[in-house]
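One structure is given here, and the rest of the page talks about it.
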Amino acid sequence: MLQQTRVEAAIPFYERFLERFPSIGALAAAPENDVLTAWSGLGYYSRARNLHKAAKQVAERGLPAGHADVLALPGIGAYTAGAIASIALGLPHAAVDGNVMRVISRVTGNDSDIGSAAARREFGKIADALLDRARPGDFNQAMMELGAMVCLSRAPVCASCPVAKFCAGRAAGRERELPVKLRKQATRDVTLDLALVTRGEQVFLVRRASAERRLADFWELPAKRQLADSADARCSKIGEFRHQIVNDRFRVILWRARASGAERLFNFDPAPGRWFDSAEREQVPLTTVTKKALAAANIFSASG
DNA sequence: AAAACGGGGAC
DNA sequence: GTCCCAGTTTT
């Protein structure tokens, strides 16, 4: 959960997740739908799918005993393998996360682009050389903590840094310029027109295909263009909001579609969706856009 | 090697 | 707005 996600953001999900899946066996035995539902809202859903796969492997083959076994599990890369090997197994492997990259970049005055694979390899070697091999877990956590509490990204607190006198970046007065990160993501603006189709307390949701690259198998509001022409013609806009994902900046426009009699509402047939009441909506993975839209619809209807 | 992946908090 | 978070996988 902590991969590319702030600790504070992950904690409530972590607590609910462990309540729902209290053991590796429980997680391994659960359907993927339930795992995704518990993860819904936290993002980077490949983490949930990979964790689920890893739990199945561990349930089948037993816990990993060495660094290579840990690294071989799905969803576990260089950083997480190092963290598990050092903290859980006491093995001498560095754990280089974003915090540690920043600390090493500054302490050594290294201005390699930390977005490059070469720099990651380079920093990994430096971290392995610095590692306290007698207490690798404590060392790694100390490095991460230094980055999280003192060697801050925008405003490092060098005055209270225990290694300030060894810091080449500080000596050069370049601590704020490091680490160097060249890659910039270009964001696109996308408008999303979504249809809120209700039947009593129920809402019609469609399921994203399993082959979708993003948010596969998640449920969401249908797009307005999926409405049949007659239903589309009677849509009324009920609100809009913004939602940013990795490279897309969505402007979401929410439309209420009205049915008249028994006419068909959608262009698709058979419908790749179904009606959900509020209890059923808690049992499937919903996209955050959909959660926001449903919340917004309640607000708009309550206020007007 | 670069792009994709979700979302939110800090500034 | 921009940056980036206890990164990994896919292209």
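A, B, ... follow the sequence lines: proteins, then strands. Residue 1 opens every chain.
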When the [atom1] atoms of [M] and [N] are compared, how many Å lie between them, rounded to an integer?
N      : M     : atom1 : result
C:dT11 : B:dG6 : P     : 13 Å
C:dC3  : B:dA3 : P     : 16 Å
B:dA4  : C:dA6 : P     : 24 Å

Please report the distance, rounded to the nearest Å, between [atom1] in [X] and [atom2] in [N].
X      : N      : atom1 : atom2 : value
A:L51  : C:dT8  : CG    : C1'   : 13 Å
A:N247 : C:dC4  : CG    : P     : 15 Å
A:W39  : B:dG7  : CH2   : C1'   : 13 Å
A:D189 : C:dG1  : CG    : C1'   : 12 Å
A:L215 : B:dC5  : CG    : P     : 9 Å
A:E8   : B:dA10 : CD    : P     : 8 Å
A:Y45  : C:dT8  : OH    : P     : 19 Å
A:N140 : C:dG7  : CG    : P     : 13 Å

Lys NZ or Arg CZ of A:R16 over A:Y14 ring: under 6.0 Å, within 45°: no
Given [options], which nucleotide is nearest the side-chain atoms of [X]?
X      : options             : result
A:N50  : B:dG6, C:dT9, C:dA6 : C:dT9
A:R154 : C:dT2, C:dT8, B:dG8 : C:dT2
A:R121 : C:dT9, C:dG7, B:dA1 : B:dA1
A:R6   : C:dT9, B:dG8, C:dG7 : B:dG8
A:Y44  : B:dA4, C:dA6, B:dC5 : B:dC5

Would you say [N] has OP1 or OP2 under 4.0 Å from some side-chain N or O of [X]?
X      : N     : answer
A:R213 : C:dT9 : no
A:K181 : C:dT2 : no
A:T80  : C:dG7 : no
A:T5   : C:dC5 : no
A:Q3   : C:dG7 : no
A:H243 : B:dG7 : yes
A:R214 : B:dC5 : yes

Heavy atoms only, 4.0 Å cut-off, all strands: where does [X] land among base, sugar-phosphate and nothing?
X      : result
A:R49  : nothing
A:A117 : sugar-phosphate
A:L42  : base
A:A78  : sugar-phosphate
A:G115 : nothing

Using a strict cut-off of less than 4.0 Å between a Lys/Arg side-chain nitrogen and an Asp/Glu carboxylate oxygen, indicate whether [X] and [Y] qualify as a salt bridge.
X      : Y      : answer
A:K224 : A:D232 : yes
A:E175 : A:R170 : yes
A:R242 : A:D189 : no

A:F250 backbone acceptor or donor facing A:D248 side chain under 3.5 Å: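 Checked: no pair found.
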Given DNA chain B, 5'-ward residue of the pair A:K292 and A:D113, judged by closest heavy atom: A:D113
Nearest-nucleotide 5' precedence on DNA chain B, A:G41 against A:R120: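 Between the two, 5'-proximity favours A:R120.
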Toward the 5' end of DNA chain C, by each residue's nearest nucleotide, A:P74 or A:L2: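 Its nearest nucleotide lies further toward 5', so the answer is A:L2.
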Which residue lies more 5' along DNA chain C, comparing A:D97 with A:R249 via nearest heavy atoms: A:R249
Any side-chain donor near an acceptor of the partner, A:T37 and A:Q283, under 3.5 Å: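 Result is no, nothing qualifies.
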Sub-4.5 Å side-chain heavy-atom contact between A:W255 and A:S236: no
